[in-house]
Amino acid sequence: MIELHNIYKSFEDKDVLKDINTTFQTGKTNLIIGQSGSGKTVLMKCIVGLLQPTSGEILYDGRDFVRMSKKERMLLRREMGMIFQSAALFDSMTVLENVMFPLDMFSSMTLSERKQRACQCLDRVNLIEAQKKYPDEISGGMQKRVAIARAIALNPKYLFCDEPNSGLDPKTSLVIDALIHDITQEYQMTTIINTHDMNSVMGIGESIIFIKEGREEWVGDKTQVMTSTCQPLIDFIFASDLLRKAREANLKI
Amino acid sequence: MTPLQPIQTFGRYIQLMGKVFSWPERFRMYLKQYVKEMYQLGVDSILIVLLISFFIGAVICIQMKVNIQSPWMPRFTTGYTTREILLLEFSSSIMCLILAGKVGSNIASEIGTMRVTQQIDALEIMGVNSASFLILPKIAALVTMIPVLVSFSIFAGLGGAYAISYAGILTPEDLTYGLQHGFNEWYVWMSFIKSFVFAYIIASVSAFYGYTVEGGSVEVGKASTDSVVHCSMLILFADIFLTQILS
Ligand SMILES: Nc1ncnc2c1ncn2[C@@H]1O[C@H](COP(=O)(O)OP(=O)(O)O)[C@@H](O)[C@H]1O
Ligand SMILES: [Mg+2]
């Protein structure tokens, strides 16, 4: 469980996050949704510590992340996995080496154990046949899956995904979403996903917070999204012509 | 640019170096990186060092013979001056200036690209000290390889001079006599000591520019250029001080 209390973040000239208070549940896919530029990435970077929030409190199962020492932070980070918007695979390493990297760095396993574990993770994302390839030789969807495999190699407690579907076709997006959802349940992780993809919202939105211009506007889950009366959320959801027409048609019936 | 800016930059450089020089978490991984970097930064530079040094050695020899040597000068003049130029300046300082262009821009753009594609963030999230993991092996590798490159440069330069002598500009005997005349071993060590400092400058300064990139490919390009410019300037300054101190 990750709790945020009164998170503010401002850069020199501008306040990006304003008073975010929320709780992300263990074993669930927690979504942060909002328009591009609404502050999702900044919020996630604050949570994982790539940015320092201007004020506020972040609790990882009760452990205060903002105020802990550098050393403790380093150790806590080994319980985190993250999938970046650009996959962020190490491009000088093969797929297998990428997945093995966290194991090489932090586990006390022998080489064959590490290899076995990495293959197990690659197998979980159905990519065992691509293990000898380099990241630039595989498709975007495959890169994302490798990133997932790398993120789960050390059995993390917390998984962060920044727009895992950006740049992927709808079908591949569904595969990635399902994978993240299943893995979250399997490993009982606290998973946080940034997205603006309505398919993901309706598919895996077990807990959703909606952010607009850095303010938390709405909290709920996928069953409540469509019936919400929160105007900014309605504007966000029905920004697509197709959905709006569907809704209008629905209303007429 | 405010007058404070260079001081700020220097401060950030010192901060980064503080992060870089920390005890490696997993020695085996650093060792692996170190070996890889020795190959990438050192071994891959050997050819260009040999090529440039050979031709410069040849040209210095011709210039000395044509412009300095005359009948009332001792016959060791050409060999002697060629050797001194190679040992004292060319094979250490000028060679490192050239390497600042090749190796420095390589380091800056590699680390800069890792920054803008979030690979460095990925390392940080895993709990790796990214600055140390990426930069320390590069510094160590270049400092290890530089004496090798300098030696290669000296020998290639002498090879160039001999090639010219066999082409008939002066006799190889005269050249050998000149090269051996009044040889001071300390100059070789000076060359090495200077090159250690330059290697450190190249690796750390260009890594600094790469590591601190913000933005996209344009900024990576700029970081790469900046690193070459600043490395070169620092090498030239350091050369003056070191030459004063060491001779
Ligand atoms: N390092 C930064 N410095 C200044 N402003 C930033 C920085 N990072 C993000 N911002 C600003 O914060 C806002 C939110 O950005 P971001 O979190 O990336 O949005 P998104 O919801 O699309 O992920 C944007 O207006 C952006 O300009
Ligand atoms: Mg974003």
Side-chain angles (χ1 to χ4, degrees), chain A residues 11 41 44-45 47-51 65 70-93 97-111 114 135-136 143 146-148 150-154 156 158-163 166 192, chain B residues 8 15-16 18-41 44 106-107 109-138 141 210-217 220:
Chain A
F11 295 103
T41 300
M44 186 167 277
K45 282 188 174 172
I47 299 174
V48 300
L50 287 174
L51 288 173
F65 188 60
K70 244 186 191 150
K71 184 81 196 149
E72 288 173 307
R73 203 178 253 230
M74 216 63 148
L75 290 175
L76 180 53
R77 284 217 170 129
R78 286 169 205 174
E79 299 173 16
M80 300 181 191
M82 183 156 178
I83 298 150
F84 288 87
Q85 207 161 344
S86 58
L89 299 179
F90 303 125
D91 43 24
S92 59
M93 300 180 193
E97 284 166 344
N98 260 286
V99 180
M100 274 178 73
F101 183 84
L103 299 165
D104 289 341
M105 211 66 196
F106 299 117
S107 79
S108 48
M109 301 181 205
T110 64
L111 182 65
R114 277 181 270 139
D136 58 0
Q143 289 183 7
V146 176
I148 293 175
R150 183 177 69 180
I152 61 172
L154 281 172
Y158 313 100
L159 184 67
F160 303 92
C161 317
D162 192 5
E163 310 220 353
S166 71
I192 304 180
Chain B
Q8 276 174 351
Q15 265 183 345
L16 181 67
K19 257 181 97 185
V20 168
F21 289 99
S22 60
W23 191 248
E25 299 125 345
R26 192 46 70 104
F27 209 74
R28 172 169 41 106
M29 292 297 279
Y30 278 67
L31 205 64
K32 207 169 132 194
Q33 288 287 99
Y34 171 66
V35 173
K36 196 186 100 197
E37 299 296 352
M38 281 210 290
Y39 197 87
Q40 228 177 48
L41 303 179
D44 282 355
N106 174 307
I107 292 176
S109 52
E110 184 187 325
I111 297 185
T113 306
M114 288 188 77
R115 166 65 76 193
V116 301
T117 56
Q118 298 186 304
Q119 293 176 51
I120 292 183
D121 288 345
L123 282 172
E124 286 287 322
I125 289 292
M126 288 177 196
V128 178
N129 178 347
S130 61
S132 173
F133 180 71
L134 293 176
I135 301 175
L136 192 57
K138 284 189 198 294
Y211 195 81
T212 49
V213 167
E214 277 172 25
S217 53
V220 174

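Every chain is numbered from 1 and lettered A, B, ... according to where its sequence line falls, protein lines coming before strand lines. The model shown is predicted, which means the values in this text are computed figures rather than measured ones.
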Within 6.0 angstrom of [X] [atom1], more than 12 heavy atoms from elsewhere:
X: B:Phe21; atom1: CZ; answer: yes
X: B:Phe27; atom1: CZ; answer: no
X: B:Lys36; atom1: NZ; answer: yes

So for [X], is it side chain, backbone, both, or neither that comes closer than 4.5 Å to the heavy atoms of chain B?
X: A:Leu89; result: backbone
X: A:Arg150; result: side chain
X: A:Phe160; result: neither

What is the minimum heavy-atom distance between [X] and [Y], and which atoms define it?
X: B:Arg26; Y: A:Ser107; value: NH1-O, 2.8 Å
X: A:Phe101; Y: B:Met126; value: CD2-SD, 3.7 Å
X: A:Met74; Y: B:Val128; value: CE-C, 4.2 Å

Per-residue tally against chain B (heavy atom, under 4.5 Å) across A:Ala88, A:Ala87, A:Gly81 peaks at A:Ala88

Checked A:Arg78, A:Met80, A:Glu79, A:Gln85 vs chain B; the most non-hydrogen pairs under 4.5 Å come from A:Arg78

Interface check, chain A: of B:Arg28, B:Gln119, B:Glu124, most non-hydrogen pairs under 4.5 Å belong to B:Gln119

Residue from B:Ile120, B:Leu123, B:Thr117, B:Ile125 scoring the most non-hydrogen pairs under 4.5 Å with chain A is B:Ile125

Q.
A:Phe90 vs B:Phe133, test: ring-ring contact (aromatic ring centres under 6.0 Å, His included). Steps then yes/no.
A. CA-CA 13 Å; A:Phe90 303 125; B:Phe133 180 71; 8.0 Å; no

Turns out that what part of B:Met29 lies under 4.5 Å from chain A's heavy atoms comes down to side chain

If one checks every heavy atom of B:Tyr30 against chain A at 4.5 Å, the contacting part turns out to be side chain

In this structure, CD of B:Glu110 is separated from OG of A:Ser92 (nearest 0.5 Å) by 6.5 Å

